[in-house]
Amino acid sequence: MTTSFFDDDDFVTTSTDHLCVECRRDVKSLYKKLPATGNGSLKTLIIADTPLLLPESESGKHIGDGEGWFKDQLRKHKLNLIEDFWIIGTTLCRSRSEYTKQEMSLCFSNITKFIKENKPKFVILLGEHAIKSWFMTRFSNLTQERWRGLCIPDFERGVWVIPIYHPYYVIANEKNNLIQSQYIRDLEFAINCIKTKPNLKNVTKPDFNDVVIMKDYDQVISELSYVLEKPPKFICFDYETTGLKPYRQGHKIASISYCYDYHKAFSFPYQYPHWKPIQQKQIKLKWCEILQNPSLKIAHNIKFEDVWSRIILQTNPAHWYWCSMIAAHSLDNRSKYTGLKFQSFINWGLPNYDKEIKPFLESVDDRGFNRVMQAPLNKLLLYGGIDSLATFWLYNYQKGAMNPHIEKGFDLFVEGTLALADVQIHGINVDTAYYRDTHIELDNRIEKTEKELLNYEECKKFEKAYGRLPNLGSSKDLELMFFKVLKLEPIKLTDSGKNNAVDADVMSKLNTPLAKAITDLARIKKVNGTYLLQFIKEIDDDGRIHPFYDLSTVKTYRGSSNGPNFQNIPVRNEEAKKISRSGIIPSPGHKILDFDYGAIEVRMGACYTKDPVLISYIMDSSTDMHRDTAMDIFSLRKAPLSFWKEKKTGNKLRFFTKNGFVFPEWYGSYYKNCAKNIWRECSEILTHEGITIKEHFKRISKLNGDAAVYEYFVNHVKKVEEAYWKKFKVFKQWQDNQYKYYEETGLVKLLSGFECKGYLGRNEIVNYAFQGTAFHGLLWSLTQINAEFQERQMLSKVIGQIHDCCVIDTHPKEEKLVRQISTDIATKRIREYFKWIIVPLIIEWEETKIDECWYSKIETREE
DNA sequence: GACGTGAGCGCG
DNA sequence: AAAGCGCGCTCACGTC
């Protein structure tokens, strides 16, 4: 007998049902309601996406497209959709359009009612809408990729909840066996959970009474003394602070919490009006002593606690041992995953314990201060205590989940994050006056230019049509103006496919004076807003900016930077480069040196694939791989070698070959796209015979029309592609093995440790490996260089990192030493540490003169 | 007014 | 047969 929410008749018209009155969605004949169904012998409720599901869908009733495939998969596990599960829709109604949050939450009462009546032990969320409706009230960032493959103890609703993709995703990508294999793994995971997880009732719920709130001075001193007398092996701690960065006057550590036991955390106010000055002094002495004691230190983001301890308490924590944030990242590379709140929820079902405190921790001004001091003290301390507790639990869980390969990467990152704490603290000197003045200047320039542009005929026509002048910074208005009012031919769509793109590329093709002027204006606005303004906001009391360098956010196990982002300051466009870099200066009397790894992607490619042809290209510096490929791409075997060095011709062709063919091919692109891009960039470049590439191919093909010649070129690139992969056949073979390994295991292993997982495409499977590993070389080098500078008590400091580049604020007297140490570490010692580096690495130096800005830097000439 | 998202663009 | 990849930040815009 089927248990169902409503009668098990096919469809029930909505009008008869009182539950849906509030929703008010127009549910006429086409939009029918589908009641819950199934026998649920596994005590498992499947909540399926509905917006994808049309009533006339042939492929399945409840799950919709992909239902047949889903059933087949269940059958392989000897399961039956109707017998073993209950199924209900995210919304009972079916509609062609998306449901609003409100509609989804109204309909959710049907789901809660079902759960109350049938008491499932597990809930499987099938697809993004199901995930949204389930977590909506508690979390943002509700994408499938963030939540899939987890089994969460949801105490609030009394079930284990297991979100996975909707099988529609597999059907829509029918030919992609990588997606299919990953889905099968996720489903296996879900079924395994259902078979093995205990009843949630028997799982211990975290208890907030485990937090000891200490507002009594004697108690604080006595507990801290206890820790000092009997140092625990491990201690987790956590600060609540007045902001993210401690460098400005007035920043404080409001409270401290710590935990060394599964069921006990301590939490006390620190720089808080609560204490008399003498009391606070005593507490500080004790706490700093703890920071130095032999206990192994653990925190969620150790870089944060390290920096604040050093700046506010002037104490360097000793024996950092575990960073649960980096560990979380190491165990799972997906993005938006490592936050403590998220981790606490997915592991122990702790939702929203920060709800009341969160508003007090958000910065309220341009200067980065929050209102933590106004937060209710008891709640603040409780919150901090839970953080420490959760960190301790996380550590214990993570320790068991590690394997030696992942731990190798983890160790590198823990050391790296502490080196980056030094980098953050040192910061970068800037010319504040320059940035302020230039910002004002640009504001004026932008205003003036905007006025001028609005006088153009095109803008007047826009005004006529819409009764207002266009906003030249709005892509919507530009789209209207160029393609609706002026009726120009659209060139391409945006990524979402919803709109006609109006980016710089399109603007240049529109080829009108206004379009060109708009692009120029947009660039200046970008420089003014993203760089100048951002820098000015971030200048601290020491006249320096202190960008963050994080290691726990990027899927590929690269690093990231923010506040301001030091990794995307303009360099290609001369004017943008000049404006934004002119205010970045060395410390007084210093110069800025930086080195970057030469052709690091190619070298990593060689380390992974061990392709002998690739290796010999690298080893023999008289050869040039990209030049040789360019000769093939452009059929220019006969051009003299000197031609390939000419800036405006041969060298450009080589450049576009490298970036338009070689790398895209490595990462999974193919001849058609490559040919298109190369033709666009290169068809007007001159050959050694002084004719354009287009003309050159006209001669070769003996064809006349542009289209015919282009077609010939595409076909030619196809042949080059075939020959290329024949030449680098070991590389190709490695690529294929890499795909196969992922298909079987769902993993991409990096040579430097770590493994990437999740839904990866062919391109990502290759790209992630090279990208992450290349950064790890730089990170290891930076860590060692930083350590050696410190050991020698040098004045020179590492001040930044840009993926494969290391920036050093150098004292001129130490310049030679800086180069020596860095070169030794980055090219020689690194190969003793990473044995898998089987080709030589090279670094290239650039430098400024003493006291001169980063814009003025020039390449260091080889001696 | 806060928040999320899309488009666009800066870097490797 | 075929989608190069990864970030952070700003602005505009629509929704809550």
Side-chain angles (χ1 to χ4, degrees), chain A residues 98 100-102 105 132 136 140-143 173-179 333 335 359 362 471-479 492-507 518-519 522-523 525-535 537-538 547-550 553-573 576-577 580-581 596-597 600-601 659-674 677 718 721 748 756 760-772 774-775 778 800-805:
Chain A
E98 298 271 320
T100 66
K101 264 191 162 182
Q102 203 177 20
S105 73
K132 277 211 168 84
M136 209 162 45
S140 51
N141 269 338
L142 300 172
T143 60
N173 298 282
E174 203 176 5
K175 282 166 192 154
N176 189 331
N177 45 359
L178 299 177
I179 289 177
N333 64 308
S335 48
E362 281 160 357
N471 175 351
L472 298 178
S474 154
S475 16
K476 208 161 203 167
D477 280 4
L478 294 186
E479 188 187 0
K492 64 174 182 190
L493 294 175
T494 59
D495 283 343
S496 71
K498 288 178 192 162
N499 307 90
N500 293 313
V502 286
D503 57 20
D505 178 44
V506 170
M507 286 301 172
I518 287 173
T519 308
R523 184 164 50 242
K525 274 184 163 175
K526 169 93 177 166
V527 170
N528 198 34
T530 302
Y531 301 101
L532 299 198
L533 190 59
Q534 179 73 1
F535 289 171
K537 278 186 191 163
E538 295 287 354
F548 288 105
Y549 294 97
D550 292 332
T553 61
V554 182
K555 287 193 280 193
T556 59
Y557 291 108
R558 261 196 185 177
S560 64
S561 168
N562 69 83
N565 183 349
F566 191 65
Q567 297 178 324
N568 69 346
I569 303 170
V571 67
R572 293 171 200 165
N573 178 276
K577 176 183 180 185
S580 27
R581 292 191 177 219
D596 59 70
Y597 277 103
I600 193 67
E601 271 175 283
N659 294 308
F661 179 80
V662 178
F663 289 145
E665 286 278 345
W666 281 21
Y667 301 141
S669 187
Y670 78 123
Y671 70 92
K672 264 190 192 165
N673 284 332
C674 297
N677 292 333
K718 186 180 176 191
E721 180 188 70
V748 173
C756 298
L760 303 181
R762 296 175 80 80
N763 34 31
E764 290 145 332
I765 289 169
V766 175
N767 182 260
Y768 281 26
F770 295 1
Q771 195 179 93
F775 169 64
L778 186 275
Q801 165 266 116
I802 315 173
H803 307 305
D804 68 347
C805 166

Next item on the list: Starting from C1' on C/dG4, measure out to OH on A/Y768 and report it in whole angstrom.
Entry: 12 Å
Next item on the list: Would you check if A/V571 and A/R581 make a side-chain contact, meaning some heavy-atom pair closer than 4.5 Å?
Entry: yes
Next item on the list: For atom CD of A/E362, decide whether the heavy atoms of other residues, nucleotides or ligands shown that lie under 6.0 angstrom number more than 12.
Entry: yes
Next item on the list: For the pair A/D477 (side chain) and A/N471 (backbone), establish whether a donor and an acceptor sit closer than 3.5 Å, ignoring hydrogens and angles.
Entry: yes
Check: Does A/K555 have a side-chain nitrogen or oxygen under 4.0 Å from the phosphate oxygens OP1 or OP2 of C/dG6?
Finding: yes
Next item on the list: Report the relative orientation of the aromatic rings in A/W666 and A/F663; use parallel for angles under 30°, tilted for 30 to 60°, perpendicular for over 60°.
Entry: perpendicular
Checklist line | DNA chain C: 5'-proximal contact among A/N767 and A/Y670 (nearest heavy atom) | finding: A/Y670
Next item on the list: Give a yes or no answer on whether the side chain of A/Q771 reaches the backbone of A/T556 with a donor-acceptor pair at less than 3.5 Å.
Entry: no
Next item on the list: Describe the nucleic acid contact of A/V527 in one word from base, sugar-phosphate, nothing, applying a heavy-atom distance below 4.0 Å.
Entry: nothing
Output one line per pair: protein atom, nucleotide atom from nucleotides 9-11 of chain C, and distance, for all N/O pairs under 3.5 Å.
unit_1, atom_1, unit_2, atom_2, d
C/dC9, OP1, A/G563, N, 2.9
C/dT10, OP1, A/Q534, OE1, 2.7

Notebook entry, point to check: First contact, last contact: which nucleotides of DNA chain B are these for chain A, 5' to 3', heavy-atom distance under 4.0 Å?
Noted result: B/dG4 to B/dG12
Notebook entry, point to check: Nearest-Å distance, CD1 (A/I802) to P (C/dG8)?
Noted result: 15 Å
Next item on the list: Examine distances only and state if a side-chain atom of A/N173 and a backbone atom of A/N176 form a donor-acceptor pair shorter than 3.5 Å.
Entry: no
Item checked: Nearest-0.5 Å distance that lies between atom CG in A/L478 and atom CG in A/N500 -> 12.0 Å
Notebook entry, point to check: Starting at CG of A/D477 and ending at P of C/dA12, how long is that distance when rounded to a whole Å?
Noted result: 10 Å
Check: When all nucleic acid strands are considered with a 4.0 Å heavy-atom cut-off, which category describes A/A501: base, sugar-phosphate, or nothing?
Finding: sugar-phosphate
Checklist line | N/O (side chain, A/T556) to phosphate O (OP1/OP2, C/dG6) under 4.0 Å | finding: no
Note to self: What's A/S580 touching, base or sugar-phosphate or nothing? Going by heavy atoms closer than 4.0 Å.
What the structure shows: nothing
Notebook entry, point to check: Going by heavy atoms in the side chains, are A/I765 and A/L178 under 4.5 Å from each other?
Noted result: yes
Item checked: Nucleotide-level pairing of DNA chain C, given in dot-bracket where Watson-Crick and G-U pairs need both distances under 3.5 Å and | marks other strands -> ....||||||||||||
Check: Has the side chain of A/Q771 got a donor or acceptor that lies under 3.5 Å from a partner of the other kind on the base of C/dC5?
Finding: yes
Next item on the list: Just call it for A/R572: base, sugar-phosphate, or nothing, with non-hydrogen atoms closer than 4.0 Å on any strand.
Entry: base
Check: Over how many whole Å does the gap from A/N173 atom CG to C/dA1 atom C1' extend?
Finding: 13 Å
Next item on the list: Describe the nucleic acid contact of A/K476 in one word from base, sugar-phosphate, nothing, applying a heavy-atom distance below 4.0 Å.
Entry: sugar-phosphate
Margin query: In whole Å, I'd like the distance from the CG atom of A/N677 to the C1' atom of C/dA2.
Written below: 14 Å
Margin query: Classify A/I569 by what it touches in the nucleic acid, base, sugar-phosphate, or nothing, heavy-atom distance under 4.0 Å.
Written below: sugar-phosphate
Item checked: A/Y667 OH - C/dC5 C1' separation (whole Å) -> 7 Å
Check: At under 4.0 Å between heavy atoms, what does A/V766 touch on the DNA or RNA strands: base, sugar-phosphate, or nothing?
Finding: nothing
Item checked: Validation row: A/Y531, A/N568 side chains within 4.5 angstrom (heavy atoms) -> yes
Item checked: Length of the line joining A/K498:NZ and C/dC13:P, which is rounded to integer Å -> 16 Å
Next item on the list: Looking at every strand, decide which applies to A/A522 at a 4.0 Å heavy-atom threshold: base, sugar-phosphate, or nothing.
Entry: nothing
Next item on the list: Using modelled atom types only, decide if a donor and an acceptor are shared between the side chain of A/R523 and the backbone of A/A576 within a distance under 3.5 Å.
Entry: no
Checklist line | Neighbour count >12 (heavy atoms, 6.0 Å) for atom NZ, A/K718 | finding: no
Notebook entry, point to check: Does one side chain, of A/Q801 or A/Q567, offer a donor that lies under 3.5 Å from an acceptor on the other?
Noted result: yes
Notebook entry, point to check: Between A/N763 and C/dC5, does any side-chain N or O lie under 4.0 Å from OP1 or OP2?
Noted result: yes
Check: Does A/K492 NZ have over 12 foreign heavy atoms under 6.0 Å away?
Finding: yes
Next item on the list: Round to the nearest Å and state the distance from A/Q801 atom CD to C/dC7 atom P.
Entry: 14 Å
